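Since this is a predicted model, take the numbers as computed values, not measurements. To find a chain, count down the sequence lines: A is the first, B the second, and so on, and within it residues start at 1.
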Amino acid sequence: MENLPPQYSPAETEWKIYQKWLASGFFNPDNLPGKRTKKFTMMIAPPNITGSLHIGHALENTISDTLVRYHRMKGDKVLWLPGTDHAGIATQNVVEKDLKKQGLTRHDLGKEKFLEKIWEWREKYGDIILDQLKTLGCSCDWSRTRFTMDPEYQEAVKAAFFHYQEKGLIYQGERVINWCIKDQTALSDLELEYVEEKSKLWYFNYPIKDSDQFVTVATTRPETMLGDMAVAVNPDDSRYQEMVSKIVILPIIKREIPIIADCLVDKEFGTGAVKVTPAHDLADSEMASRNNLPFLKVINEIGRIVNVSAEFDGLKLAEARAKVLAELREQNLLVKEEEFTHNIAKCYRCNSTIEPLLSNQWFVKMKPLAAKALAAIKSGEVKYYPPRWTPVAVDWLENVRDWCISRQIWWGHPVPIAGSNDTFDTWFSSALWPFATLGWPKATADLKEYYPTQMITSARDILHLWISRMIFSGLEFTGEVPFKDIIVHATIQTKDGKRMSKSLGTGIDPLEMIKKYGADGTRFGLLYQSFENQEIRFNEDALLMGKKFGNKLWNIARYIMTNVDIAVLASVAKGELTLADEAGAESAKQILTKLKETILVVSKNIEIFNFGNATHALYDFIWHDFADVYIEESKKQLKDDTSKDSTAKILAHTLVAILKLLHPFMPFITEEIWSQLGADTMLIITPWPEN
RNA sequence: GCGCGCUUAGCUCAGUUGGUUAGAGCGCUUCAUUUACACUGAAGAGGUCGGGAGUUCAAAUCUCUCAGCGCGCACCA
């Protein structure tokens, strides 16, 4: 093919090829040719509509697309369903930030107008995200694109809630929950991030009533003493045996509170005596319930002191802390302060400090649900890859607490019977993704045909937040596990091992990479680094390698198309001309043996989700065994009348096999070359090479 | 505090059940230019496999231990 340029140009080819695929309709399983009885369904991990995709999404969806394309070639009826997630708090936050640029808050707009703004945002970024996936080459069935706030999806969320309610798994009540003062909402236990901070541990003397004795307690949060309802000690602590059930006069407040014994208290920590603030600490609230202590809420939702006294009420927390410390110091009750480092809970969306406080929220009882998920994991019905994630999931499910599902934000699914006050945790709807996207709770044809799915690809940071919840939701609502294999891919870090972050400017834009190295090069480079590792230190050189590899393939194809009769190529590509066994020369035997090995290695490694091994095997075979050795050898043999026919056939046969093997990884360039071979079909649906 | 993972060439990483001179990509050195491809080819330098101890005929690989890094969980007062 003299007319093919020596340099392959991804930019010119990729868009053109993608349009060809779209026109073929083959991304939609209903349009796939041939008898396809085995189903292969995969749901995309729906990206949040908060912004554009990052390089981690690129890796995740490259993995998914590779699997999907492999299974399509294997003859499966393949559905890869795309979509996006409304991402409650996260999206509300970015839109608020956007408004702030105009000096506006969401309250200035009011709920209705603000939600309109978010829908506008969603139109824009939802489309950008889907376009990015197309640029990457993802072969999703776009006709089935879903959004977690679609009208049908809203029905699914309602149905799920009512189902739980009927089963008695929903309750509403006053509990100590994690409250984000900035976002003005409750959060679940999973939506916190703990950050180590240097602080102080203050020791207070609490006077014991009718005596000159004290009990000394240690705290990192002096201001919470305003809500103290007891002092607790461990029942086995010999130091405090005589003190239990005596009465303490709470300083400043002058409230009489008991000394109680509770095994939750750690004898080793501080003085072994702990102040109990039932309304502002989860552990304390448990002790309070066990010991029938009253709950007094002294910190409100906007972080001000309430219900204490005229001089304290209305103070900010920092002011209250200073005032408490000053008064205690004055009364000589502040006996010690020491440097102390501890983990502070922060909101995973806005990073502000979490305030535990008593609040009326909706909960889902987790024990029976977790038990179902645990059984499925332990029996191997669902499997984690790499398997080391199994105990991580098991551990969480075994110790899980009830799930606080109500949020006080505007953007989200309304809790059906909660008036207009509460919306659902965004993960409540995400948990339904594998079946709600197929029409559940309606018994749709798609649900019947494509559920359960085969696998899911996920980052490890949402293993509990999303994956575990999908498992128990699937079992609860459909009676089946939502997927069989969970592929936990590596997290991409910066080159020096730091977290990639858009705000820190350490993120990598996949579109920029695609512009530089092509989608094929980017995909191959990402997978080339992808083993069973939990981190990948991003190495742009690997993407360059991917691009060069594409160009190598291009020139291999140019050489073969120039030197082998196009009719031979076409009939090999169509599968009409197979290789006879009498491949005489030693070099021929060698290359064909190597090819068989490579088919085996690549297939096996796709099956076990080791994409690093698969891409390395392809690279080594194509570049070193085929190009460096066999093709060089072929230059002589093609001039020799006795060997030229068989050499030409082997070249054609190997090229065809290579294109197929490489197609799931580098779909564009392989499809483009395939289109030159005169095979009258698209590579996307040609059969995977059999050994 | 409990648990998981990582530490191999200058950089980013492979190394299957322990078995001949430990591999790749990038980088580096030398050579090759009317060659399918310079986004190339050929040759080469470069590693006491984080430290220490142990098991074994044999350890990058198994055990223990120490150190550093990353992550998960926790009722971190």
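Between A/Phe340 and A/His342, the ring-plane angle classifies as tilted under the 30° and 60° cut-offs. Below 30°, between 30° and 60°, or above 60°: for A/Phe611 and A/Phe609 the angle between ring planes is between 30° and 60°, a tilted geometry.
A 6.0 Å sphere centred on CD of A/Glu337 holds more than 12 heavy atoms belonging to other residues, nucleotides or ligands. Other residues, nucleotides and ligands contribute only 12 or fewer heavy atoms inside 6.0 Å of the CD atom of A/Glu268. Residue A/Lys383 qualifies as open at atom NZ: its count of foreign heavy atoms under 6.0 Å is 12 or below. At most 12 heavy atoms of other shown residues, nucleotides or ligands fall within 6.0 angstrom of atom NZ in A/Lys604. Sparse packing is recorded around NZ of A/Lys594, with 12 or fewer heavy atoms of other residues, nucleotides or ligands lying under 6.0 Å away.
For the residue pair A/Gln361/A/Ser359, the side-chain donor-acceptor check at 3.5 Å is satisfied.
Summarising the geometry, the separation between CD on A/Glu398 and C1' on B/rA74 is reported as 15 Å, rounded to the nearest angstrom. Distance A/Leu282 CG to B/rC73 C1': 15 Å, rounded to the nearest Å. In this structure, the OH atom of A/Tyr8 is 17 Å from the P atom of B/rA38, given to the nearest Å. To the nearest angstrom, C1' of B/rC39 lies 20 Å from NZ of A/Lys515. Atom pair A/Lys552:NZ and B/rU35:P shows a separation of 15 Å (rounding to whole Å applied).
The residue among A/Thr219 and A/Pro6 whose nearest nucleotide of RNA chain B lies closer to the 5′ end is A/Pro6.
At a threshold of 4.0 angstrom between heavy atoms, the contacts of A/Glu286 with the nucleic acid are absent. Using a 4.0 Å heavy-atom distance criterion, A/Asp628 is classed as a sugar-phosphate-only contact. When heavy atoms are screened at a 4.0 angstrom cut-off, A/Asn533 is found touching the sugar-phosphate backbone but no base atom. Among the heavy atoms of the strands, none lies under 4.0 Å from A/Ile560. Base contact: A/Ala627 has a heavy atom under 4.0 Å from a base atom.
Of the candidates B/rC71, B/rU12, B/rA36, B/rC71 carries the atom nearest the A/Glu535 side chain, counting heavy atoms from C-beta on. With distances taken from any side-chain atom of A/Gln493 to the nucleotides B/rG70, B/rG41, B/rA36, the minimum falls on B/rG70. Side-chain atoms of A/Gln534 lie closest to B/rG70 of the nucleotides B/rC76, B/rG70, B/rA36. Taking only side-chain atoms of A/Lys635, from C-beta outward, the nucleotide of B/rA36, B/rC39, B/rC73 with the closest atom is B/rA36. The side chain of A/Phe531 approaches B/rA14 more closely than any other nucleotide in the set B/rA14, B/rU40, B/rG72. The A/Val392 side chain lies nearest to B/rG72 when the options are B/rC76, B/rC37, B/rG72.
One N or O donor and one acceptor, one from the side chain of A/Glu632 and one from the base of B/rA36, sit under 3.5 Å apart.
What you find for A/Ile560 and A/Leu651 is that their closest heavy atoms are CD1-O, 3.7 Å. The nearest pair of heavy atoms linking A/Ala273 to A/Val231 is CB-CG1, 4.1 Å.
Within a heavy-atom distance below 4.0 Å of RNA chain B, the residues of residues 267-279 of chain A found are A/Phe269, A/Val274. Within residues 195-205 of chain A, no residue is approached by RNA chain B to less than 4.0 Å at the level of any non-hydrogen atom. Of the residues in residues 341-348 of chain A, those with a non-hydrogen atom less than 4.0 angstrom from any atom of RNA chain B are A/His342, A/Asn343.
For the pair A/Trp202 (side chain) and A/Leu334 (backbone), a donor-acceptor distance under 3.5 Å is absent. Between the side chain of A/Glu14 and the backbone N or O of A/Ala519 there is at least one donor-acceptor pair closer than 3.5 Å.
At a threshold of 4.0 Å, the pair A/Arg537-A/Glu535 does not count as salt-bridged, since none of the basic side-chain nitrogens sits closer than that to a carboxylate oxygen.
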Checklist line | side chain to side chain contact (heavy atoms under 4.5 Å, CB included) assessment of A/Arg290 paired with A/Ile260 | finding: CA-CA 10 Å; A/Arg290 274 198 287 273; A/Ile260 60 168; over 6 Å; no
Next item on the list: Evaluate the side chain to side chain contact (heavy atoms under 4.5 Å, CB included) criterion for residues A/Leu595 and A/Phe626: first the C-alpha distance (whole Å), next the side-chain angles of each, then the deciding distance (0.1 Å), finally the verdict.
Entry: CA-CA 9 Å; A/Leu595 174 61; A/Phe626 190 45; over 6 Å; no
Could you pull out all donor-acceptor pairs under 3.5 Å where a side-chain atom in residues 546-556 of chain A meets a protein atom, sequence neighbours excluded?
{"residue": "A/Asn551", "atom": "OD1", "partner": "A/Tyr8", "partner atom": "N", "Å": "2.9"}
{"residue": "A/Asn551", "atom": "ND2", "partner": "A/Gln7", "partner atom": "OE1", "Å": "3.4"}
{"residue": "A/Trp554", "atom": "NE1", "partner": "A/Pro5", "partner atom": "O", "Å": "2.7"}
{"residue": "A/Asn555", "atom": "OD1", "partner": "A/Arg558", "partner atom": "NH1", "Å": "2.8"}
{"residue": "A/Asn555", "atom": "ND2", "partner": "A/Pro6", "partner atom": "O", "Å": "3.1"}
{"residue": "A/Asn555", "atom": "ND2", "partner": "A/Asn551", "partner atom": "O", "Å": "3.0"}

Anything under 3.5 Å between a protein N or O and an N or O of nucleotides 24-27 of chain B, put it in a table, one pair a line.
{"residue": "B/rA24", "atom": "O2'", "partner": "A/Tyr528", "partner atom": "OH", "Å": "3.0"}
{"residue": "B/rC26", "atom": "O2'", "partner": "A/Asp541", "partner atom": "OD2", "Å": "2.8"}

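Relative to the ring axis of A/Trp403, A/Arg469 places its NZ or CZ within 45° and under 6.0 Å from the centre.
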Check: In dot-bracket form, how is RNA chain B paired, counting a Watson-Crick or G-U wobble pair only if both its distances are under 3.5 Å and using | for bases paired to another strand?
Finding: (((((((..((((.....[...)))).(((((.......))))).....(((((..]....))))))))))))....
